[in-house]
Amino acid sequence: GAGVSQSPSNKVTEKGKDVELRCDPISGHTALYWYRQSLGQGLEFLIYFQGNSAPDKSGLPSDRFSAERTGGSVSTLTIQRTQQEDSAVYLCASSQAGGITGELFFGEGSRLTVL
Amino acid sequence: DAKTTQPPSMDCAEGRAANLPCNHSTISGNEYVYWYRQIHSQGPQYIIHGLKNNETNEMASLIITEDRKSSTLILPHATLRDTAVYYCIALRGDDYKLSFGAGTTVTVRA
């Protein structure tokens, strides 16, 4: 597709389970971001990938959170041993090299509910 | 990046211009002003950005004061589909980490 694609769109899981959220960025975009948005809150930066550089993981809230980006394209955000406070919409965004630095293209998000 | 301040909410009438203010009194010379919006249940959408000069595109106009301490996003003819949360963000030219605050919830009324 033409836009950023995220899956699943909705995920309900039990406390303590691991979850994986997937992001397919726009083809050719070298930068990829993950943000989190809790109910009624603003967006919280989680992690940033740019090409082959080491990712900026400064926003990951705990060591239960990790992300990887394979082949410079698809990214997976993994949350281990989920907690109820992890319930949120997880948003992925991408941007292109040489484009406007702050012009991010966001996906629709993956809504995670931890019971 | 500089802190931005926006009113929490505003209403506007359909078909009229919507003027959304943003204060960024501590902005530095190399920080751009970006505007995004987030329609309910969607990801944020880039609208426009600027440094010093006023900017216009197919979505909106951005007016930045001469001292760069504030700016206004103008939606020239608001429609019901413009109802959204609008975020004003200051970002250095060499930075990549957009920080989204609470934004302004804009409700366009028929």
field: When A:Gln41, A:Glu44, A:Gln37, A:Gln6 are compared by non-hydrogen pairs under 4.5 Å with chain B, the top option
entry: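 Among the listed options, the one with the most contacts to chain B is A:Gln37.
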Hey, any chance [X] and [Y] share a hydrophobic cluster, counting ILVMFWY side chains that come within less than 4.5 Å of each other, even indirectly?
X       : Y        : result
A:Val89 : A:Tyr35  : yes
B:Leu73 : B:Leu80  : yes
A:Phe65 : A:Leu112 : yes
A:Ile79 : A:Val74  : no

A:Ser95, part contacting chain B, at a heavy-atom distance under 4.5 Å: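 A:Ser95 has no heavy atom closer than 4.5 Å to chain B.
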How about [atom1] on [X], more than 12 heavy atoms from neighbouring residues, nucleotides or ligands closer than 6.0 Å, or not?
X        : atom1 : answer
A:Leu115 : CG    : yes
A:Arg111 : CZ    : no
A:Arg64  : CZ    : yes
A:Asn52  : CG    : no
A:Glu14  : CD    : no

- request: Decide side-chain contact (heavy atoms from CB on, under 4.5 Å) for A:Leu104 and B:Tyr96; before the verdict, give the C-alpha distance in whole Å, the side-chain angles of both, and the deciding distance to 0.1 Å.
  value: CA-CA 9 Å; A:Leu104 275 57; B:Tyr96 53 82; over 6 Å; no
- prompt: Measuring from B:Ile48:CD1 to A:Glu103:CD, what's the distance to the nearest 0.5 Å?
  reply: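 These two atoms lie 11.0 Å from each other.
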Residue part contacting chain A, namely of [X], when any heavy atom lies under 4.5 Å:
X       : answer
B:Leu98 : both
B:Tyr34 : side chain
B:Tyr32 : neither
B:Asp95 : backbone

task: Could you tell me which non-hydrogen atom of B:Pro44 sits nearest to which non-hydrogen atom of A:Leu91, and how far apart they are?
output: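 The answer is CD-CD1, 4.1 Å.
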message: Restricting to non-hydrogen atoms, name the atom on A:Ser58 and the atom on B:Lys97 that form the minimum distance, rounded to 0.1 Å.
response: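 Shortest heavy-atom separation between A:Ser58 and B:Lys97 comes out as OG-NZ, 3.0 Å.
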task: Show your working on side-chain contact (heavy atoms from CB on, under 4.5 Å) between B:Gln42 and A:Glu108 and close with a plain yes or no.
output: CA-CA 5 Å; B:Gln42 296 183 20; A:Glu108 297 288 300; 3.8 Å; yes
- prompt: Under the ring-ring contact (aromatic ring centres under 6.0 Å, His included) criterion, do B:Tyr46 and A:Phe105 qualify, and how do the steps go?
  reply: CA-CA 7 Å; B:Tyr46 166 83; A:Phe105 296 81; 7.7 Å; no
query: Between B:Phe100 and A:Phe106, how do the two ring planes meet: parallel, tilted or perpendicular, split at 30° and 60°?
result: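 Rings of B:Phe100 and A:Phe106: perpendicular, as their planes differ by over 60°.
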